[in-house]
Number of protein chains: 2
Amino acid sequence: MKNPEYLAHLIVEFYEKLSSWEHAVVKGKGLTLPQMHALELLGVHGPLRMKELADRMGVTTGTLTALADRLESKSLIRRAPNKEDRRSYLVELTDKGRERFLEHDKLHVQITREITAGLSPEETELFSAALSKMNGAF
Amino acid sequence: MKNPEYLAHLIVEFYEKLSSWEHAVVKGKGLTLPQMHALELLGVHGPLRMKELADRMGVTTGTLTALADRLESKSLIRRAPNKEDRRSYLVELTDKGRERFLEHDKLHVQITREITAGLSPEETELFSAALSKMNGAF
DNA sequence: CCCATTTACCTTGACAATCAAATTATCATC
DNA sequence: GATGATAATTTGATTGTCAAGGTAAATGGG
């Protein structure tokens, strides 16, 4: 019953459901998935250089340039000069961008509550511990 | 320590890592992520109507029409007539498409093995059970 | 200090993904 | 059979994406 094929299937299903949930949530907000993803990474990690953000998103800097332009034109991010290295910017959230990030992050907590509602505290604890280990194994 | 915020954070991190892994794996194969996603859904669920597949992918049928055209031109899928309803097709994998799907699916099993390598059998079992419950709760 | 190399970002050109809205063909119901 | 709903396509516009090429700044070895 607990062969890797079965577990792989569960993980794929979980991934698909998260993906579809995220898609639906972002859609109603005037933002695209990549745009929200960028806000999220900036919210979690603080200001990043374009290259760092592009790497974390898994896109080229060319792609990110265009994406950042759109977010900047919506006043959600800002390119601040980087004193350490004048070739680069530090991309950071504006107040409006941070607001959007926090709002979205709240939804993550909420969906987490919902999908773990059927788990006992011990189960939740063990799930959490296992997930933590797995995240470290990538 | 085990508040929902923390768990939400772990889940987001897990999702991001899966996403980034998937992206990297698909890239080297001449397929895009949505294209592989379509092959995967067809592989798992069998032949689907365009509308069904679009719904599962979370895109409009207009988007899927174009996507299916590209997959069809690569001989990975086929539009078969639907005797039940002549308005629709049944989209199905070709042999070549099934091959691609199976090959990709094997990678899922493999990455699953890798990221669960640090878990004890009991932990894996519990993780699996928790995930199964959570999938049902979406 | 100089020059070659690397790095960071931007630009361009081409293609893919995406949606909303309009269209066509078929189905379903009354 | 007429009317309304559904399945797929088409169209037009925007966004996402990459590879390749360009510019400016940093880096490192002579």
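No hydrogens, no waters, no symmetry mates; every other heavy atom, side chains included, goes into these values. First the proteins, then the strands, lettered A, B, ... as listed; each starts at 1.
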Heavy atoms from C-beta onward define the side chain here; which of dT18(C), dT9(D), dC27(C) lies closest to that of R87(B)?
dC27(C)
DNA chain D contacts among residues 14-48 of chain B, heavy-atom distance under 4.0 Å
H23(B), K27(B)
Rounded interatomic separation in angstrom, taking CD from E52(A) and C1' from dC9(C)
13 Å
Starting at the 5' end of DNA chain D, which residue's closest nucleotide do you reach first, M57(A) or K83(A)?
M57(A)
Spacing of M50(A) atom CE relative to dA25(D) atom C1', expressed in whole Å:
16 Å
Under a 4.0 Å threshold between the charged nitrogen and the carboxylate oxygen, would E103(B) count as salt-bridged to K29(B)?
yes
Closest of dA8(C), dT17(D), dA20(C) to the T60(B) side chain is dA20(C)
Sort out for me which residue in R70(B), K74(B), E40(B) forms a side chain to side chain donor-acceptor pair (under 3.5 Å) with Q35(B).
K74(B)
Within the pair S88(A) and dA8(C), is there a side-chain N or O less than 4.0 Å away from OP1 or OP2?
no
Give the rounded distance in Å between these two atoms: CG of D69(A) and P of dT14(D).
16 Å
R79(B)/E72(B) salt bridge by N-O under 4.0 Å criterion:
yes
Let me check I have this right: for DNA chain C, each base becomes ., (, ), [, ] or |, based on Watson-Crick or G-U pairs with both distances under 3.5 Å. What is the full string?
||||||||||||||||||||||||||||||
Is the shortest side-chain N/O distance from R70(B) to OP1 or OP2 of dA17(C) below 4.0 Å?
yes
Check the side chains of E16(B) and H37(A) for a donor-acceptor pair under 3.5 angstrom, ignoring hydrogens and angles.
yes
Could you tell me whether E52(A) and R49(A) make a salt bridge, using a distance below 4.0 angstrom between a side-chain N and a carboxylate O?
yes
For T63(B) and for D85(A), find the nucleotide of DNA chain C with the closest heavy atom, then tell me which residue's nucleotide is more 5'.
D85(A)
Calculate the interatomic distance between K51(B) atom NZ and dC19(C) atom C1'; express it in whole Å.
14 Å
Take atom CZ of R79(B) and atom P of dA7(D), then tell me their distance rounded to the nearest Å.
16 Å
Between H104(B) and E22(B), is a side chain to side chain donor-acceptor pair (under 3.5 Å) present by the stated rule, with each step listed?
CA-CA 10 Å; H104(B) 185 68; E22(B) 183 84 6; 2.8 Å; yes
Send over the distance from N82(B) CG to dC27(C) P, rounded to a whole Å.
9 Å
Taking E123(A) first and then K133(B), would you say they form a salt bridge - that is, a charged N and a carboxylate O separated by under 4.0 Å?
yes
Need one value for L64(B): base, sugar-phosphate or nothing, where a base atom within 4.0 Å counts as base even if backbone is also close, heavy atoms only.
nothing
Quiz question: by atom type and distance under 3.5 Å, do the side chains of E5(B) and H108(A) form a donor-acceptor pair?
no
Rounded to the nearest Å, what distance is computed from the OH atom of residue Y89(B) to the C1' atom of nucleotide dA25(C)?
10 Å
Would you say a side-chain N or O of R86(B) is under 4.0 Å from OP1 or OP2 of dC27(C)?
yes
Check this for me: does any side-chain nitrogen of one of D95(B) and R100(B) sit under 4.0 Å from a carboxylate oxygen of the other?
no
Exercise: identify the closest heavy-atom pair between A54(B) and L64(B):
N-CD2, 3.5 Å
R49(A) atom CZ is separated from dT7(C) atom P, nearest whole Å, by 11 Å
